[in-house]
Amino acid sequence: MKKTWLLGFGFFSISITWALYNAFVPFFLDSYIHKASLIGFMMTIDNYFALFLQPWIGNLSDKTNTRFGRRMPFMIIGMPLAAVFVILIPFHTSFITLVLFMMLMNLSMSVYRSPTVALMPDITPDHQRTKANGIINFMGGFGGILAFGAGSMLYGANPAFPFIAAAVITLICLFILVRFIKEKRDVIVSVPAEKQSRIKLRGELDRTTVLLLIAIFFWFVSYQGVEAMFTLYGKHYMGLSEQASGFSLTFFSLFFVLFAIPSGWLGNRYGKRKIIIFGVIGLFLVFAAIPLAKTVLLLRIMLALGGMCWALININSYPFVVSIGSETSIGTRTGLYYLVSSLAAIASPPLLGWIIDQFGYGSLFIYASSGMLVALLFIFLVKHNGKSAAVPKETIQANV
């Protein structure tokens, strides 16, 4: 699992950048546009890139063969570009330059996000992938804690500081990945070139996969809406300061991190589907109860419980998608996973923003709990339990 911890630095850089982006960019937009629906729409830019690029890039990385490997070239190109553009965001001089820097940063992130995620199952046996996903999400969640905790303090000192810190961390993480992970050496499944060329997106869409992807779509509808609008909910509905509102999300991220590795163990032990169902039910109850929270303490306790439930869902969902397919289609299935999550993130913030414009910020968590309820219906229709058999490494290599 040493390589998994090292790969976790890639997830760490992605998570800290996105967490800062979602927490503080709405405040920049709020200076120019004053409707929640429009802010919600602007916060979906990254997902338009993900929608069109990530399935293609994931599929392309399945077919790529360089001396650096299949996935690493995308990181070498994308991570430095993302570092440059994330620094530029707080130094915008107008609405136009703000949007330009946002688009360029999101384009750069789309180049390496799917390949980074797909590298985990490449270097991890099938029966250990849920545990490995817990580890890398532990690293990613720790990035979220820094973003909402230390990032909030840095933002209070100067709005540019957290973005500069994220860029520096991204470059450090790239150095660690290139220095310690040698894809050609560490990959456990060597896919022949003739098999790489046969991978088709449409061929991966069997009934079980489609039902699972629909469930993923709806729980991301809930999650992405809350993530994009929560800081404004705290500011406008609960009367919190911008700093306190951003800091409250630390509790969600902290308990996600604390429960990431146990969630991977539970999914491996009892089956991914069963653990996901427990998580969806739990997060539905948390989101339904948050509108009743009238104090910051109670709000943060509920967010902590929500982070634990989200770990049960998030840690097990990606390995579930991969486990249904073959070893030759990992990048393609990674792209499909990000396709549906991106569709949710495109649709959810503008729709939620429109609902907030009509009914107020109190409707945010009614909306979020409804999405979880629909997700629960579709995950019940999935018959595959997502429980991997303990297949040894030698068997995996022999079957390729």
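Looking at Thr170 and Val86, their side chains never come closer than 4.5 Å, going by heavy atoms from C-beta outward. Inter-residue side-chain proximity for Tyr32 and Met42 is flagged as unmet; no heavy-atom pair is nearer than 4.5 Å. Side-chain atoms of Asn133 and Asn316, non-hydrogen and from C-beta on, never get closer than 4.5 Å to each other. Counting heavy atoms from C-beta on, the side chains of Leu376 and Trp219 never come closer than 4.5 Å. A 4.5 Å side-chain heavy-atom check between Phe11 and Phe142 finds every atom pair outside the cut-off. Within the 4.5 Å cutoff, the side chain of Phe138 has heavy atoms near those of the Trp5 side chain. Residues Leu303 and Ile290 meet the side-chain proximity criterion, which asks for heavy atoms closer than 4.5 Å. Considering only heavy atoms from C-beta on, Met120 comes within 4.5 Å of Tyr318 through its side chain.
Atoms CD1 and CG, on Ile324 and Leu211 in that order, are 9.5 Å from each other to the nearest 0.5 Å. The structure places CE of Met229 at 10.0 Å from OG of Ser363, a figure rounded to the nearest 0.5 Å. Atom-to-atom distance recorded for Lys235:NZ and Phe27:CZ is 6.0 Å, nearest 0.5 angstrom. Interatomic distance, OG of Ser13 versus OH of Tyr112, reported as 4.5 Å (0.5 Å rounding). Between the CZ atom in Arg71 and the CG atom in Asp122 there is a gap of 4.0 Å [rounded to 0.5 Å]. Taking CD1 from Ile76 and CZ from Phe74, the interatomic distance works out to 11.0 Å, rounded to the nearest 0.5 Å.
With hydrogens and angles disregarded, no donor-acceptor distance shorter than 3.5 Å links the side chain of Ser114 to the backbone of Ile57. Side-chain atoms of Ser369 come within 3.5 Å of backbone N or O of Ile366 as a donor-acceptor pair. Remark: side-chain polar atoms of Ser348 are paired, donor with acceptor, to backbone N or O of Val221 under 3.5 angstrom.
Linking ILVMFWY side-chain heavy atoms closer than 4.5 Å, directly or via other members, places Leu171 and Leu177 in two distinct hydrophobic clusters. Linking Ile, Leu, Val, Met, Phe, Trp and Tyr whenever their side-chain heavy atoms come within less than 4.5 Å puts Phe380 and Met372 in one cluster. There is no path of hydrophobic side-chain contacts, each under 4.5 Å, that joins Ile301 to Phe256. If you chain together hydrophobic residues whose side chains sit under 4.5 Å apart, Val178 and Met139 fall into the same group. Cluster membership check: Val296 does not share its hydrophobic cluster with Met153, using side-chain heavy-atom separations under 4.5 Å among Ile, Leu, Val, Met, Phe, Trp and Tyr.
Pairing each heavy atom of Ile87 with each of Ile164, the nearest pair is CG1-CA, 4.2 Å. Counting all heavy atoms, side chain and backbone alike, Gly140 lies closest to Ser15 at O-CB, 3.0 Å. For Ser108 against Leu81, the heavy-atom pair with the smallest separation is OG-CB, 3.3 Å. Shortest non-hydrogen contact noted between Gly234 and Ser245 is CA-OG, 3.6 Å. Of all heavy-atom pairs between Leu299 and Leu240, the closest is CD2-CD1, 4.4 Å. A pairwise comparison of heavy atoms in Glu183 and Arg70 identifies OE2-N, 2.7 Å as the closest pair.
Every ring pair (Phe, Tyr, Trp, His ring centres under 6.0 Å) that Phe251 has, sequence neighbours left out, goes to Phe247. Taking the side-chain contact (heavy atoms from CB on, under 4.5 Å) definition, one finds that Ile176 meets it with Leu6, Phe9, Ile172, Phe180, sequence neighbours left out. Under the rule for a side-chain contact (heavy atoms from CB on, under 4.5 Å), the partners of Leu351 that lie at least two apart in sequence or sit in another chain are Ile355, Tyr367. Considering only residues two or more places apart in sequence or on other chains, Ser241 meets the side-chain contact (heavy atoms from CB on, under 4.5 Å) condition with Gln243, Ala244. Residues satisfying the side-chain contact (heavy atoms from CB on, under 4.5 Å) test with Val84, not counting sequence neighbours, are Leu88.
For CG of Leu292, the number of neighbouring non-hydrogen atoms (other residues, nucleotides, ligands) closer than 6.0 Å is greater than 12. Annotation for Phe278: atom CZ does not count as buried by contact number, only 12 or fewer foreign heavy atoms lying within 6.0 Å.
Trp265 and Tyr270 have perpendicular rings, their planes meeting at more than 60° on a 0 to 90° scale where under 30° would count as parallel. The aromatic rings of Phe163 and Phe24 sit perpendicular to each other, their planes meeting at more than 60°, with 30° as the lower class boundary.
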*Does the pair Phe101 and Thr97 meet the rule for a side chain to side chain contact (heavy atoms under 4.5 Å, CB included), with working shown?*
CA-CA 6 Å; Phe101 297 151; Thr97 56; 4.2 Å; yes
*Passes side chain to side chain contact (heavy atoms under 4.5 Å, CB included), Phe95 versus Leu29? Steps please.*
CA-CA 8 Å; Phe95 179 69; Leu29 292 170; 4.1 Å; yes
_Before you tell me yes or no, could you show the steps for Lys383 and Thr208 under side chain to side chain contact (heavy atoms under 4.5 Å, CB included), namely the whole-Å CA-CA distance, both residues' side-chain angles and the distance that decides it to 0.1 Å?_
CA-CA 7 Å; Lys383 301 305 180 184; Thr208 299; 5.8 Å; no
*Verify side chain to side chain contact (heavy atoms under 4.5 Å, CB included) between Trp18 and Asn106, making sure each step is shown before the conclusion.*
CA-CA 10 Å; Trp18 284 123; Asn106 284 296; 2.7 Å; yes
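Applying the side chain to side chain donor-acceptor pair (under 3.5 Å) test to every pair with at least one member in residues 291-313, sequence neighbours left out, gives these pairs: Ser248-Arg300.
Checked against Ile275 for a side chain to side chain contact (heavy atoms under 4.5 Å, CB included), the options Asn268, Ile313, Ile315, Leu266 give a single hit: Leu266.
Residues Tyr361 and His236 place their aromatic rings such that the two centres sit under 6.0 Å apart. For Phe255 and Phe259, the ring centers are positioned 6.0 Å apart or more. Ring pair Phe365/Tyr233: centre-to-centre distance below 6.0 Å.
Of the N and O atoms on the side chains of Tyr337 and Ser317, at least one donor lies less than 3.5 Å from an acceptor on the other residue.
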